[in-house]
Amino acid sequence: MLLRFGVFELDPVAQELRRAGVLVKLSPQQLRVLRLLAERGGQICTREEIQREIWGTEVYVDFDRALNVCVAAIRSALNDDSEASRFIQTLPRQGYRFVAPVEQVGNGSAPGKPRLAVHRREVRIAAAVVAAAAVVTAASLLIPRRTTRLSVLPIENVSGEAAVAFGLTDEMTTELGMADPVRLAVVGRTSAARYAGGKAGLAELGVDYLIEGSLRTEGGRSRIAVRLVEAKKQTQVWSNTFQLAGITRLELQADVAQRVAAAVVRQLFPKGASAVGVSYEPNATAAEAYWNGRYLDRRDPARAIQWFTLAASHDPSFAAPRAAMAETWLGEAMSDPPAEAGDAFAKAGAAARAALAIDKWNAEAHAALGTVEFWYEWKVGEARKHFEEALERNPSLARAHHDYGFLLVEAGEPRAGIAELRTALALDPLAPRVNLDAGWVFLQARRFEDAVRYARRALELEPGLEEARLCIARAELYQGKSGPEELETLRASANPYYRAMGAAMTGRADEAIGVLNEAVARRNYIMAMIGTEPAFDRLRKDARFVALVKRVGITP
């Protein structure tokens with residue numbers, strides 16, 4: 001029987017505390033104390049009772065100190081406060097009382113069920129709860145209570161310098177994302193970009209603070225006004241105006257972004273504010289080419305790559321255009337038919353490795369290389385390392401959380417994978433691709449209703465997103481809600497992976513294995529999902545299928 005209180009669930013059988021499916025680290029002894037208090041909710045548990053139930057009859061010289069440390073650790077895991085208790089109330093000279101309502105639901109894990117490890121780091125943003133009611137509003141709850149959420153809204157372009165305004169917004173988002181990873185979570189560019197025309201509906205982002213500003217350029221001088229605003233009250237917390245002349249566009253963007261990041265961190269965290277690092281300053285020609293590419297990368301990927309290539313050639317020590325080129329090539333690879341994506345994946349990997357050879361800490365390059373190694377090169381262990389490096393450097397990098405989530409689900413860690421996807425949603429809640437891929441991850445984790453919900457959300461954000469309709473159709477097929485025509489669609493597909501799915505689901509094992517071998521030979525990147533794809537459940541014990549899974553580097 002699970003014990004549910006607030007956003008937490010305690011599984012006494014598996015000895016796990018979870019926050020919306022995300023494991024919370026507690027020692028076995030701490031979990032036993034928490035269980036005892038929760039099971040006796042509303043009742044006083046004396047220190048003597050706790051000692052007898054948890055420590056038994058053994059002589060323990062420093063029991064009082066041990067219990068104090070134990071309860072402090074539990075409170076920390078629950079984000080509880082001894083002075084204003086939401087969960088555990090201290091009764092001086094008596095003991096403790098669990099004051100939150102406790103609900104007993106369902107059954108705990110079956111005895112002997114293996115527990116899945118969650119790879120987290122203290123400096124990373126932990127995922128929390130997605131409420132079933134409103135996807136985007138609930139996504140904001142995924143950031144821990146002690147983390148401040150901030151969004152950089154598109155800088156208003158007053159004088160026709162659209163690319164410069166874009167660059168300023170982008171640079172500030174990046175600088176703030178790396179400024180204080182423990183205490184500050186920065187919403188992704190895709191979601192923030194939706195408010196370029198105004199702030200209507202801004203509550204969807206669920207942020208605590210906004211950065212907004214304007215850029216005016218006239219007579220060789222640039223004037224940038226920046227404001228930090230408390231989101232709910234729309235009150236100004238801090239503001240500054242920067243007037244600069246005679247400097248390059250990149251110098252302007254880098255200088256203002258670093259100064260804004262430092263000032264905002266000092267304003268939000270006056271005690272022990274983190275230092276904001278200094279970015280590499282390339283030459284003017286390379287900088288201009290780089291920002292032209294960044295401005296075009298979603299509008300015209302081919303031209304963006306040309307600009308990035310030019311930037312890299314003009315400054316061999318400038319890692320950013322190579323990392324950006326890797327991201328753009330990845331976008332091309334994931335939008336190509338799987339059989340034709342190999343060239344784009346190879347170019348993305350080469351660009352990411354070139355960036356890391358220059359700057360081994362480049363978060364975007366690590367994330368891009370992790371994606372290449374997982375989807376195309378099928379090197380799961382190496383990919384995991386790159387995702388973790390990316391998130392160590394910039395925990396607000398929604399794309400890295402999102403791609404790492406896929407890897408973890410495929411590697412047999414669905415809870416951790418879903419947690420990463422939920423973190424990506426919290427950081428970039430209005431990005432259609434993030435919502436769509438959340439649907440695919442839930443599909444692979446056999447959470448079909450959730451898959452449909454997120455795919456529909458992606459369609460709301462981008463009505464023409466055909467892949468979202470495909471995700472919904474697939475989820476309904478696995479739920480038995482669609483007819484044989486969906487299976488026939490799979491069997492008739494030009495993609496061998498989909499044909500194999502249709503064959504497997506209609507009992508044609510030999511045909512399915514043959515077509516999967518074809519997909520492996522073509523380096524079909526969707527093969528990375530073979531380990532968890534529900535369509536192949538009938539083949540799980542077939543030695544030929546097991547061999548195929550091993551060739552892709554995934555353990556089923």
Side-chain angles (χ1 to χ4, degrees), residues 19-23 116-130 135-136 138-144 147 149-151 173-174 176-178 181-182 184-192 205-207 323 326-327 330-331 334 352 362-375 380 383-411 413-442 444-445 450 454 457-458 528:
R19 182 169 179 157
V22 181
L23 291 177
L116 302 176
V118 180
H119 298 268
R120 314 295 295 172
R121 298 193 184 187
E122 290 182 359
V123 298
R124 300 246 311 271
I125 300 170
V129 183
V130 174
V135 174
V136 175
S140 67
L141 301 176
L142 289 165
I143 303 300
T147 301
R149 285 174 55 85
L150 178 146
S151 178
T173 301
T174 300
L176 283 158
M178 298 186 294
V182 175
L184 185 64
V186 181
V187 167
R189 301 174 179 88
T190 305
S191 294
L205 287 181
V207 295
E327 293 178 10
L330 274 177
M334 299 305 250
N362 189 292
E364 289 78 7
H366 275 296
L369 188 52
T371 300
V372 172
E373 289 181 334
F374 170 59
W375 286 105
V380 178
R384 181 194 290 266
K385 292 175 185 177
H386 284 294
F387 286 131
E388 291 184 346
E389 285 291 343
L391 293 170
E392 184 80 19
R393 177 65 176 157
N394 185 357
S396 290
L397 199 60
R399 188 185 59 264
H401 285 288
H402 148 287
D403 291 343
Y404 190 28
F406 264 111
L407 182 149
L408 290 170
V409 169
E410 296 305 314
E413 301 176 42
R415 292 173 182 168
I418 288 170
E420 292 294 342
L421 255 295
R422 285 176 164 173
T423 302
L425 281 165
L427 290 167
D428 212 353
L430 303 182
R433 173 57 57 179
V434 175
N435 280 272
L436 171 59
D437 283 349
W440 285 118
V441 166
F442 278 114
Q444 296 300 112
D450 287 326
Y454 282 99
R457 177 59 178 168

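In this structure, the salt bridge (charged side-chain N to carboxylate O under 4.0 Å, His left out) partners of D437, at least two apart in sequence or on a different chain, are R433. Remark: W440 pairs with E467 by the side chain to side chain donor-acceptor pair (under 3.5 Å) rule, at least two apart or across chains. Here H366 pairs with H386 under the ring pair (Phe, Tyr, Trp, His ring centres under 6.0 Å) rule; sequence neighbours left out. By the salt bridge (charged side-chain N to carboxylate O under 4.0 Å, His left out) test, E373 pairs with R353, sequence neighbours left out. With sequence neighbours left out, T174 forms a side chain to side chain donor-acceptor pair (under 3.5 Å) with R189. Evaluation of the side chain to side chain donor-acceptor pair (under 3.5 Å) rule for N362 yields no partner, not counting sequence neighbours. For A367, the side-chain contact (heavy atoms from CB on, under 4.5 Å) partners at least two apart in sequence or on another chain are A390, L397, R399, A400.
The only option from D428, L176, V207 that meets the side chain to side chain contact (heavy atoms under 4.5 Å, CB included) definition with V186 turns out to be L176.
Between the CD atom in E420 and the CG atom in L408 there is a gap of 6.0 Å [rounded to 0.5 Å]. Here CG of L369 is found 11.5 Å from CD of E389. Values are rounded to the nearest 0.5 Å.
In plain terms, the two heavy atoms of E410 and A528 that are nearest each other are OE1-O, 3.3 Å. Minimum heavy-atom separation, A352 to A365: CB-O, 3.7 Å. N394 and A363 make their closest contact through CB-CB, 3.9 Å (heavy atoms, listed as atom of the first residue, atom of the second, distance).
Under 4.0 Å is where a charged nitrogen must lie from a carboxylate oxygen, and between R384 and E413 at least one such pair does.
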For the pair D403 and F374, evaluate side-chain contact (heavy atoms from CB on, under 4.5 Å) and give the outcome as yes or no after the intermediate values.
CA-CA 9 Å; D403 291 343; F374 170 59; over 6 Å; no
- Task: Kindly determine whether L427 and V187 satisfy side-chain contact (heavy atoms from CB on, under 4.5 Å), including the steps that lead there.
- Result: CA-CA 4 Å; L427 290 167; V187 167; 5.8 Å; no
Between F406 and T371, does the side-chain contact (heavy atoms from CB on, under 4.5 Å) criterion hold? Intermediate values first, please.
CA-CA 10 Å; F406 264 111; T371 300; over 6 Å; no
Could you go through the side-chain contact (heavy atoms from CB on, under 4.5 Å) check for E388 and Y404 one step at a time? CA-CA 8 Å; E388 291 184 346; Y404 190 28; 2.7 Å; yes
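The aromatic rings of F442 and Y454 lie parallel to each other, their planes meeting at an angle below 30°, with 60° marking the opposite boundary.
In terms of modelled atom types and a separation under 3.5 Å, the side chain of H402 and the main chain of A438 share no donor-acceptor contact.
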